Amino acid sequence: MGAQLRVYRRRIRSVQSTKKITRAMELIAASRIVKAQARVNAAKPYSRQITRVISALASQTATLDHPLLQEQTDEKRVAVLVITSDRGLAGGYNANALKMASQLEELLRSEGKEPVAFLIGRKAVSYYKFRNRHIEQQWTGFSEQPDYEHAREVADALIDSFIRTEEEGGVGEIHVVHTEYVSALTQRAVANRVLPLVVEESDEAPPEDFVLPLYEFEPSPEALLDTLLPRYVQTRVFAALLESAASESASRRRAMKAATDNADELIKSLTRAANSARQAEITQEISEIVGGASALADA
Amino acid sequence: MAAESHELHVELVSVEREVWSGEASMVIARTTEGEIGVLPGHAPLLGQLADGGVVTVHESGGGHRLIAVHGGFLSVTEQGVTILAEVAELAEDIDASRARESLERARSEQDLAAQRRAESRLRAAGQPV
C-alpha cells in the first residue's frame, strides 16, 4: 500500500473514533436536557407561591424595613455572580455568559461602581484566573446537576456579603449573570439584579378575582420577612442554576450535533481522496508493468 | 366566598417540585408559635412552620396523610392552603430505616438541621423519635 493511501486511511479511522465520542456526548446531552427542563418546570410552583406570599406581606406591612430591601447607595462594591459550566465542549455557552458578564462589569464601572466576582463553574474560574482578575468566591462541581443545597450555599454567601458593610468587605448590590433557556435552539445570557430586592409579581398575570389576602401573622411580620427574604433569594439563585444547567445541556447537544455532522462530512471527503489515491496507485502499477513488459519485448 | 364550601384546596410545594395537591377537610401543622388546625373558612394566615415538623392533611374523601415538612411556611388564603417547604416528603415515600440511619449520623455529627429533618421524616412515618 502506498504511503499516501495509508495516511488517508489513518485519518479516516481517527475521525471515525472522534465521531463516536461526539455522538455519545450528543445523546447524553439530549437526555439531560429533558431532565433539566423538567426540573426547571417542577421548581416553578414554589417560586410562584413564595413570590405571591412576599407580595402579600409587602403590601400589608406599610413600612418595609429590612436590610435586604434597602438600597445601599454609599457602597461602591457590587457583586456579580457568573454562572458557567464546569466542562467545555458546549459551543458558545460559556463564551456568551462571560461576554455578558464583562458587559455588565463595564456598565457598572461606568456608573462608578466596582464589580466583585463570584463565580460558579470551572470555566469562569479559569477565565478569570488567566486574566489575573480578583475572584471573591468560587464554587465548582455542580453546574450540570445543581441541588438546592448548592443554591443555598451560594445565596447565603451573597446575602452575607450584602449585609456586611464596605469596610468589612461587603457589597452594595448583587447581580446574577445566567443563561436563560428559551427553547432547545435558543439560549440567552441575561443579567439580573437580585439584591436589593424589588418585589414584583411573576410574568403571569394573576387571575381576575385574585386579591392579595389580608394575612394574620405567626410570628410577627418582621420575623417572617427575616426568614422569607433569604429563602426568596435562594429560590432565585436555584432557578438561575437550573436554567443554566438546561441551557448548558442544550448548547452542548447542539455543538456535539454539529461536530458529528462535520465528522461525517470529513469522512466522506477523506474516503473520496483515499479512493482516488488507490486508483492512482493501481494505474501507476499497471503502467509500470506495461512499461516493463514492453521494455523486455524490445530487448 | 370560599367559607361556604366545606373543602380546602391544599397545595404542598417543595423547592424541587409540587409534592401534593388536592382537597382536604382539615390541615394540622405546627408553627413556631404552636400547633394549628385549619378548617375551611379560616382567616388568612401566614405562619412559619417549626423545623422538623409533620403536617397532617385530612383528605375530604376520608383518611389522612402525613407529610414530613422541614423549613416551611403555611399560607392560608380564601383560595386554600399553601405549604411552602424546603423539604417535603409524603409518609409513604419515606424509608423509615434510612431516616433512622441519617438520624443516628446527624446525632453523632451534631448536625442539628439534619437531625431535625430526620426526626420529621420518622414522625411522619409513624415511628417513635
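Computed from a predicted structure; not experimentally measured. By convention in this document, chain letters (A, B, ...) are assigned in the order of the sequence lines, proteins followed by strands, and residues within each chain are numbered from 1. Note that these values count all heavy atoms, side chains included, but never hydrogens, waters or copies made by symmetry.
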- side-chain contact (heavy atoms from CB on, under 4.5 Å) between A/Val53 and B/Thr82, intermediate numbers included: CA-CA 10 Å; A/Val53 165; B/Thr82 310; over 6 Å; no
- What one should report as the nearest heavy-atom pair of B/Val13 and A/Tyr46 is O-CD1, 3.8 Å
- Using non-hydrogen atoms and a 4.5 Å limit, figure out which bit of A/Thr227 sits close to chain B: side chain, backbone, both or neither. both
- Item | Nearest-0.5 Å distance that lies between atom CD in B/Glu86 and atom CD in A/Gln234 | 6.0 Å
- Task: Quick one: pull up CG in A/Leu242 and CD in B/Glu16 and give me the separation to the nearest 0.5 Å.
- Result: 7.0 Å
- If you measure from CG on A/Leu224 to OG1 on B/Thr31, what distance do you get to the nearest 0.5 Å? 9.5 Å
- Message: Given heavy-atom pairs under 4.5 angstrom as the criterion, report whether the side chain, backbone, both or neither of A/Leu228 touches chain B.
- Response: both
- Taking all heavy atoms of A/Arg231 and all of B/Gly72, pick out the closest pair and write down the distance. NH1-N, 4.4 Å
- Message: Need one label for A/Phe238: side chain, backbone, both or neither, based on atoms under 4.5 Å from any heavy atom in chain B.
- Response: side chain
- Query: When rounded to the nearest 0.5 angstrom, what is the spacing between CZ in A/Arg48 and CD in B/Glu18?
  - Reply: 8.0 Å
- Got a second to check how far B/Ile83's CD1 is from A/Gln49's CD, nearest 0.5 Å? 11.0 Å
